[in-house]
Amino acid sequence: MSSLSDLINLDLSETTTEKIIAEYIWIGGSGMDIRSKARTLSGPVSDPSKLPKWNYDGSSTNQAPGEDSEVILYPQAIFRDPFRRGNNILVICDAYTPAGEPIPSNKRHNAAKIFSQSEVAAEEPWFGIEQEYTLLQKDTNWPLGWPIGGYPGPQGPYYCGIGADKAYGRDIVDAHYKACIFAGINISGINAEVMPGQWEFQVGPAVGISAGDEVWAARFILERITEIAGVIVSFDPKPIPGDWNGAGAHTNYSTKSMRSNGGYEIIKKAIQKLGLRHKEHIAAYGEGNERRLTGKHETADINNFAWGVANRGASVRVGRDTEKEGKGYFEDRRPASNMDPYVVTSMIAETTILWKP
């Protein structure tokens, strides 16, 4: 008699069927709720344009009225499925009306328009996104490893720490790391963060729109793994008030010009542009970010824009290697952990490449 785990782990490629399972993934009405459903396909697919469009009930995701609830999914990016494995796939989609118009919560559509502009494409914008998150105990919504209703020792030993009294949830984090590599996501690293129970993974470097696709795919995989583990993942930018670090999504960025000789001058001009549009960027960088950007805990004050070399208390940080070599990249430290990567990456590109002050 097969066990449930045996059936879950069935490898369809070992049978005579060519059929595969495609998990269609999209973003719900809140902008952070990830939704998905699966369908059977007649055979393996590696090109999203070869996948069929699909639909769902938008009235159940706060994306359409009940009397006209059909929303259409357009497949945009494919990743290998680390849960079903074999030839099965994860499909990142965006959402449209039946008439072909992007629905208001579809942020990918506008981002793709920006990244497809010739001036932007010629600059080959690279992004590296540092996604911080907090693991919570399911029944209490209190950070993993923290005493119920109480607090651990103060911050200090937890950042990149090891040991049962410092690192909480490493099995989840490592499972996520390997699953992302299996999926084909360009995940470049992980580490424990300053607040206990908080972790970070990095995606990139990724070019243009693919950065958003890969972050959303990585978030989906993390949500699924924590579901299996019976733990909640929070992307709240300040999950615990008080003298505890918040959670951000620091966004590292460079263009072809910045990576070339003389690029440091291009970087400084780009940072100046970001400063001129500070309020517009902050408004788009994540809900509740004002609770995180206080000027403390390695942040700049939300109302002020400042940049510096190796300064983690600045809005934008330039690395010492970039300053020394006269070219490279910079880090926008303002985005919150719950930011939409499509919005943030495309807005940075638009401001630094297309916008004329």
Side-chain angles (χ1 to χ4, degrees), residues 128-181 187-204 218-219 221-223 225-226 228-252 286 288-289 291-302 308-315 317 319-321 331-339:
I129 297 174
E130 305 171 27
Q131 175 69 72
E132 295 177 342
Y133 60 93
T134 308
L135 296 174
L136 304 176
Q137 301 169 57
K138 184 167 70 75
D139 296 328
T140 62
N141 276 331
W142 201 237
L144 198 66
W146 290 35
I148 301 301
Y151 297 87
Q155 295 181 155
Y158 309 107
Y159 173 70
C160 295
I162 59 172
D165 58 341
K166 304 178 193 71
Y168 309 124
R170 191 184 297 278
D171 52 348
I172 292 170
V173 174
D174 275 349
H176 176 250
Y177 195 1
K178 292 178 179 178
C180 285
I181 291 175
I187 186 169
S188 48
I190 58 166
N191 60 268
E193 267 303 330
V194 176
M195 189 181 84
Q198 193 176 87
W199 295 81
E200 172 184 300
F201 65 87
Q202 302 96 33
V203 169
R219 284 175 171 176
I221 291 171
L222 181 59
E223 292 260 24
I225 289 173
T226 53
I228 294 166
V231 171
I232 294 172
V233 57
S234 170
F235 295 104
D236 190 287
K238 187 73 173 179
I240 304 296
D243 195 20
W244 303 97
N245 273 36
H250 303 154
T251 301
N252 299 277
N289 210 9
R291 293 184 282 116
R292 167 181 163 261
L293 295 181
T294 61
K296 300 177 181 179
H297 306 108
E298 301 180 69
T299 70
D301 186 275
I302 195 169
V309 176
N311 184 358
R312 283 180 165 78
S315 311
R317 180 185 68 87
R320 293 221 177 269
D321 285 346
E331 174 193 45
D332 191 338
R333 297 179 59 80
R334 297 171 296 172
S337 51
N338 60 358
M339 62 81 157

- Going through the distances and angles, do R333 and S315 end up as a side chain to side chain contact (heavy atoms under 4.5 Å, CB included)? CA-CA 5 Å; R333 297 179 59 80; S315 311; over 6 Å; no
- Query: Is the count of non-hydrogen atoms from other residues, nucleotides or ligands lying under 6.0 Å from Y177 atom OH greater than 12?
  - Reply: yes
- Determine whether more than 12 heavy atoms belonging to other residues, nucleotides or ligands lie under 6.0 Å from atom CD1 of I148. yes
- Query: What's the verdict on side chain to side chain contact (heavy atoms under 4.5 Å, CB included) for Y168 and Q137, showing C-alpha distance, side-chain angles and the deciding distance?
  - Reply: CA-CA 11 Å; Y168 309 124; Q137 301 169 57; over 6 Å; no
- Item | Exercise: identify the closest heavy-atom pair between A167 and G161 | CB-O, 3.8 Å
- Note on the structure: Closest non-hydrogen contact found for R170 with I162 is NH2-CG2, 3.4 Å
- Message: Can you confirm whether R291 sits close enough to P237 that some side-chain heavy atom of one is under 4.5 Å from a side-chain heavy atom of the other?
- Response: yes
- Less than 4.5 Å apart, any side-chain heavy atom of Y133 and any of E223? no
- Polar contact flag, side-chain donor to acceptor under 3.5 angstrom, Q155-D243: no
- Indicate, with yes or no, if the rings of W199 and Y158 have centres closer together than 6.0 Å. no
- Query: Where do N191 and Q202 land on the side chain to side chain contact (heavy atoms under 4.5 Å, CB included) test, with the steps shown first?
  - Reply: CA-CA 9 Å; N191 60 268; Q202 302 96 33; 3.0 Å; yes
- Between N245 and E298, is there a donor-acceptor pair closer than 3.5 Å when you use the side chain of the first and the backbone of the second? no
- Main-chain N/O of L293 paired with T299 side-chain donor or acceptor, under 3.5 Å: no
- Query: How are the rings of W142 and Y151 set to each other: parallel, tilted or perpendicular (split at 30° and 60°)?
  - Reply: perpendicular
- I232: which of L135, L144, N141 passes side-chain contact (heavy atoms from CB on, under 4.5 Å): N141
- Message: Determine whether T226 and L136 satisfy the following criterion, side chain to side chain contact (heavy atoms under 4.5 Å, CB included), listing intermediate values before the conclusion.
- Response: CA-CA 10 Å; T226 53; L136 304 176; over 6 Å; no
